[in-house]
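Data first, discussion second: the structure below is written as structure tokens.
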Amino acid sequence: QSALTQPRSVSESPGQSVTISCTGTSSDVGGYNSVSWYQQHPGKAPKLMIYDVDKRPSGVPHRFSASKSGDTASLTISGLQAEDEADYYCCSYAGTYTFVFGGGTRLTVL
Amino acid sequence: QVQLAQSGAEVKKPGASVKVSCKASGYTFTAYYMHWVRQAPGQGLEWMGWINPTSGGTNYAQKFQGRVTMTGDTSISTVYMELSSLTSDDTAVYYCARDYDFWSGVLDYWGQGAQVSVSS
């Protein structure tokens, strides 16, 4: 199972919006509405930000939104804040009760 | 509150095995599956598999089939991940993470991670 494809890095200024893509195949992202997104700050455990493509757990700011089209899922962060600077990972169900992560995207808030 | 407390750092020689523990508290242990995810230095997250603590049922990533064993002890609310035939490529932080809905893959709580280093 190959990792989902994410851009290695993105950057944007505070207050702006940024979108991180996550591209898979019809066997994972495109085949199921089971994509989640995780935020990871250096030296910390990942934190769930989005699940089931576009649902936000309680406590996650509304600035975080997500969607999916075909084999590509996307995470959008609007009104960027310094604290959003982190690594972001997508994860998808990949069939036969298995899961696959994306390679991760480093978000820099300029 | 939900907490997943993992065992400490380990240093192993190539060819050896390592067993990492993850003790759960703050919720009904048997009601949630547990996943294991690892992260090599400077690399991304890698899904390893999950365990149903109630039945002991497991499902592993193909990459680790034959080399990983996930077990649980309901009496002490603890799950274990044992990885054998270690190589330097297994040097990583190993996380346990609770699945919020059976085997949905939605990992809502994570342990603090356990560093495993493999070196001769």
Side-chain angles (χ1 to χ4, degrees), chain A residues 1-9 20 22-24 27-29 31-60 66 73 86-107, chain B residues 1-7 9 20 22-24 32-52 55-65 68 70 92-115:
Chain A
Q1 182 66 51
S2 299
L4 307 175
T5 300
Q6 298 182 233
R8 298 222 34 185
S9 64
I20 299 171
C22 168
T23 301
S27 297
D28 38 62
V29 175
Y32 311 93
N33 287 324
S34 182
V35 178
S36 51
W37 289 89
Y38 299 87
Q39 176 192 66
Q40 186 181 35
H41 288 109
K44 301 294 187 182
K47 175 187 175 183
L48 177 66
M49 304 301 285
I50 297 285
Y51 67 99
D52 292 352
V53 175
D54 58 4
K55 296 180 176 58
R56 263 188 321 273
S58 61
V60 172
D87 293 329
Y88 290 86
Y89 294 90
C90 59
C91 181
S92 175
Y93 178 65
T96 57
Y97 309 102
T98 67
F99 299 87
V100 61
F101 279 96
T105 298
R106 172 69 53 87
L107 169 62
Chain B
Q1 70 283 22
V2 174
Q3 289 190 329
L4 301 176
Q6 298 187 231
S7 48
V20 180
C22 171
K23 182 173 177 59
Y32 296 85
Y33 287 33
M34 197 76 78
H35 295 244
W36 289 89
V37 176
R38 77 176 187 179
Q39 186 170 36
Q43 302 300 308
L45 302 175
E46 183 174 28
W47 182 79
M48 298 182 69
W50 55 251
I51 178 170
N52 174 350
S55 67
T58 57
N59 198 53
Y60 305 138
Q62 188 170 11
K63 174 177 179 176
F64 300 103
Q65 293 270 4
V68 69
M70 296 177 189
V93 175
Y94 289 76
Y95 293 100
C96 59
R98 190 186 82 162
D99 195 315
Y100 101 121
D101 186 16
F102 295 101
W103 50 267
S104 71
V106 180
L107 308 180
D108 60 352
Y109 288 93
W110 293 65
Q112 82 275 20
Q115 175 69 53

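These numbers were taken from a predicted model, which means no experiment stands behind them. Just so it is clear: chains get the letters A, B, ... in the order the sequence lines come, proteins before strands, and each one is counted from 1.
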- Item | Crowding at OH, Y100(B) (>12 non-hydrogen neighbours, <6.0 Å) | yes
- Message: Does any part of the side chain of M70(B), heavy atoms only, come nearer than 4.5 Å to the side chain of M34(B), both counted from C-beta?
- Response: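 Not touching, per the 4.5 Å side-chain cut-off.
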- Item | Test item: E46(B) and F64(B) side chains (from C-beta on) under 4.5 Å apart, heavy atoms |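 Yes, close enough: below the 4.5 Å cut-off.
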Measure distances from [X] to the heavy atoms of chain B and classify the residue's part below 4.5 Å as side chain, backbone, both or neither.
| X | value |
| --- | --- |
| F99(A) | both |
| S92(A) | neither |
| Q6(A) | neither |
| S34(A) | side chain |
| Y93(A) | side chain |

- Task: Give, as side chain, backbone, both or neither, the part of Q43(B) having an atom under 4.5 angstrom from any heavy atom of chain A.
- Result: backbone
- Task: Could you tell me which portion of Q62(B) (side chain, backbone, both or neither) has an atom closer than 4.5 angstrom to a non-hydrogen atom of chain A?
- Result: neither
Would you be so kind as to tabulate the donor-acceptor pairs closer than 3.5 Å made by side chains of residues 42-51 of chain A, with sequence neighbours excluded?
none

For the residue pair [X] and [Y], what are the closest heavy atoms and their distance?
| X | Y | answer |
| --- | --- | --- |
| A66(A) | D54(A) | O-CB, 3.2 Å |
| V20(B) | A114(B) | CG1-CB, 3.6 Å |
| D99(B) | Y32(B) | O-CD2, 3.1 Å |
| A24(B) | L4(B) | CB-CD2, 3.7 Å |

- Any residue of residues 101-111 of chain B which, by heavy atoms, sits under 4.5 Å from chain A: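 Heavy-atom contacts from residues 101-111 of chain B to chain A are W103(B), S104(B), G105(B), V106(B), L107(B), D108(B), W110(B), G111(B).
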- Task: For C96(B), check disulfide (SG to SG under 2.5 Å) against everything at least two apart and list the hits.
- Result: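 Partners of C96(B) by the disulfide (SG to SG under 2.5 Å) criterion, ordered by chain and then number, come out as C22(B).
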- V37(B), L45(B), V93(B): which one forms the most heavy-atom pairs within less than 4.5 Å of chain A? L45(B)
- List in chain and number order the residues that pass side chain to side chain donor-acceptor pair (under 3.5 Å) with Y38(A), two or more places apart in sequence or in another chain; answer none if no residue qualifies.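 If we apply the side chain to side chain donor-acceptor pair (under 3.5 Å) test to Y38(A), skipping adjacent residues, the hits are S36(A).
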